[in-house]
Asks: 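Sharing a structure, written as structure tokens. Questions coming.
Only this structure's heavy atoms are used, side chains among them; waters, hydrogens and symmetry mates stay out.
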Amino acid sequence: MAQSRSAFSALGPEGRLVSAAVAGFNLLLVVVNRYLPEYLRVLGAQPWIIGLFGSTEIALALVYPYLDGEIPDWLDVRHVLTAASILASTGTVVWLAAPRLGHYTGLPASAWIFVGLFLVAVWNALGLHLPVGIAPEDDGQSAPDISGAAVLRWLGLTAGFLFAAFVLAEVGTFVPSLQVLFAVTASLALTATILQDLFAHPSKDSTGATFAGCRRVLDDIRALPAESRSLLVGDTLVRFAHGMVGTFFVTVVTSVLRVEMMLLGHHFTPSAVFGILLAVEMGVAAVGGGIITVLPRYTGRVALVLGNVLITTLFPIFLVTVRTEALAVGVLFAAFGLRRATLPVRRALIAEFTAGENDEDDRQLTESYRLSRGAIVVPSAILGGVLYGINPRLAFVVATAVGLLGTWSFTRFIHVIVRDSRSDRTGE
């Protein structure tokens, strides 16, 4: 945290202004993104279309980072960032205007939500490299290195989701409320575009990924020891389970549980309550993030990783069986915040057991695993959408079953490392 503050202080006034505008834009993009599945549902999309949207998000997050590595050296990076932010601004406007665009063009409104997603995803791939901002979560982040930027991001998202809840509560009707949030997001995007074009001086260093080829990816995975493959299978299954239903968390809260509440004299509709629930999740993650940096010294990483996997696995079944009271659902999302806070511990464990002989091998193995895992997880949301269309609870029960398979695979791996640890102590 102190390191993030010092980095921010090192910027001049213009740099701070640019970073604040970009950070605000990034945070609001995350906020509105969590409501897009419900937006699709209200605009008439079938569950499988919502699932397709979730799978498209996963696929774009997997593929778009390679765009950064393909930017020619002769291009001015500032102009690339400006173009990316203009596309993202256009994407949020497309989301805002989707009902009208559907009416005037004859295309379903849901199709325009997909168009906006493709535009915004370019920014997510290319536009997050300013000197200081609210950084995206990093799959390579190690447990002791839960950065101040990550905690600031969670705190910022806490405020962002509370703001969204307030807008949804005050406006009342869901679509106009979300359109207000789209308008605010687009305004911040335009502001960030102008400021970064005037004042930002981003580095030309590429942070994009480099694709080594399918054969290299498969060879890297096959070369891993059996216990490491068990760990990776478990991680992939748990992520697949989360991918099946993560897109539908908002629709469950708003149209299945239909949780409402009164707070400070204001009536919060189910969609507004969802904003509060996400704020609770992010707030717990921010508080837990500071504790997690020291907790492994006392509990060991294995206990934290197992806890993370169990929370991820059991959350879906608890969500569709919990009492429809705001407090009960709030406790559930608070537990999910602990899952978010402990994710870096899980990632660090995976990084350790997929390490190569040198830094270059480490990066290649990490990238190979990210690609293979992502390719498997991409169809998860479509499958979840098909099952959700049959029965919402069916999708969440099946997701829990898949997660339990992943937890079993994790447990096999943990048994191996605990056994090896005991053998080492006995040998001493």
Asks: Which residues pass the side-chain hydrogen bond (donor to acceptor under 3.5 Å, both in side chains) test with T193, not counting sequence neighbours?
Replies: S85

Asks: Among all residues two or more places apart in sequence or in another chain, which pass the side-chain hydrogen bond (donor to acceptor under 3.5 Å, both in side chains) test with T90?
Replies: none

Asks: Would you be so kind as to tabulate the donor-acceptor pairs closer than 3.5 Å made by side chains of residues 95-108, with sequence neighbours excluded?
Replies:
residue : atom : partner : partner atom : Å
W95     : NE1  : I113    : O            : 2.9
T105    : OG1  : L101    : O            : 2.5
T105    : OG1  : L107    : N            : 3.3
T105    : OG1  : W112    : NE1          : 3.2

Asks: Who are the side-chain hydrogen bond (donor to acceptor under 3.5 Å, both in side chains) partners of E170, not counting sequence neighbours?
Replies: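 Here the qualifying residues are H266.
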
Asks: For residues 183-192, which side-chain N or O atoms pair as donor and acceptor with protein atoms under 3.5 Å away, sequence neighbours left out?
Replies:
residue : atom : partner : partner atom : Å
T185    : OG1  : L181    : O            : 2.7
S187    : OG   : A183    : O            : 2.8
T191    : OG1  : S187    : O            : 2.9

Asks: Sequence neighbours left out, what passes ring pair (Phe, Tyr, Trp, His ring centres under 6.0 Å) with Y39? Give chain and number order.
Replies: F182

Asks: Would you be so kind as to tabulate the donor-acceptor pairs closer than 3.5 Å made by side chains of residues 387-395, with sequence neighbours excluded?
Replies:
residue : atom : partner : partner atom : Å
Y388    : OH   : T251    : OG1          : 3.1
N391    : OD1  : R393    : N            : 2.9
R393    : NE   : V320    : O            : 3.2

Asks: Under the side-chain contact (heavy atoms from CB on, under 4.5 Å) test, which residues partner A169, sequence neighbours left out?
Replies: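 Once residues adjacent in sequence are excluded, the partners of A169 under the side-chain contact (heavy atoms from CB on, under 4.5 Å) criterion are F268, A272.
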
Asks: Any salt bridge (charged side-chain N to carboxylate O under 4.0 Å, His left out) involving residues 259-287? Give me the pairs, sequence neighbours left out, ordered by first then second residue.
Replies: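 Non-adjacent pairs meeting salt bridge (charged side-chain N to carboxylate O under 4.0 Å, His left out): E281-R340.
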
Asks: Ignoring hydrogens and angles, write down the donor-acceptor pairs under 3.5 Å from the side chains of residues 303-314, residues two or more places apart or on other chains.
Replies:
residue : atom : partner : partner atom : Å
N308    : OD1  : R346    : NH1          : 2.6
N308    : ND2  : R339    : O            : 2.8
N308    : ND2  : T342    : OG1          : 3.0
T312    : OG1  : N308    : O            : 2.8
T312    : OG1  : R339    : NE           : 3.4
T313    : OG1  : V309    : O            : 2.9
T313    : OG1  : G403    : O            : 3.3
T313    : OG1  : T407    : OG1          : 3.0

Asks: Excluding sequence neighbours, so at least two apart, what forms salt bridge (charged side-chain N to carboxylate O under 4.0 Å, His left out) with R41?
Replies: E38

Asks: Looking only at non-hydrogen atoms, find the nearest pair between A334 and V284 and report the distance.
Replies: O-CG1, 3.3 Å

Asks: Applying side-chain hydrogen bond (donor to acceptor under 3.5 Å, both in side chains), name anything that partners Q179, two or more places apart in sequence or on another chain.
Replies: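 Counting only residues at least two positions away or on another chain, Q179 forms no side-chain hydrogen bond (donor to acceptor under 3.5 Å, both in side chains).
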
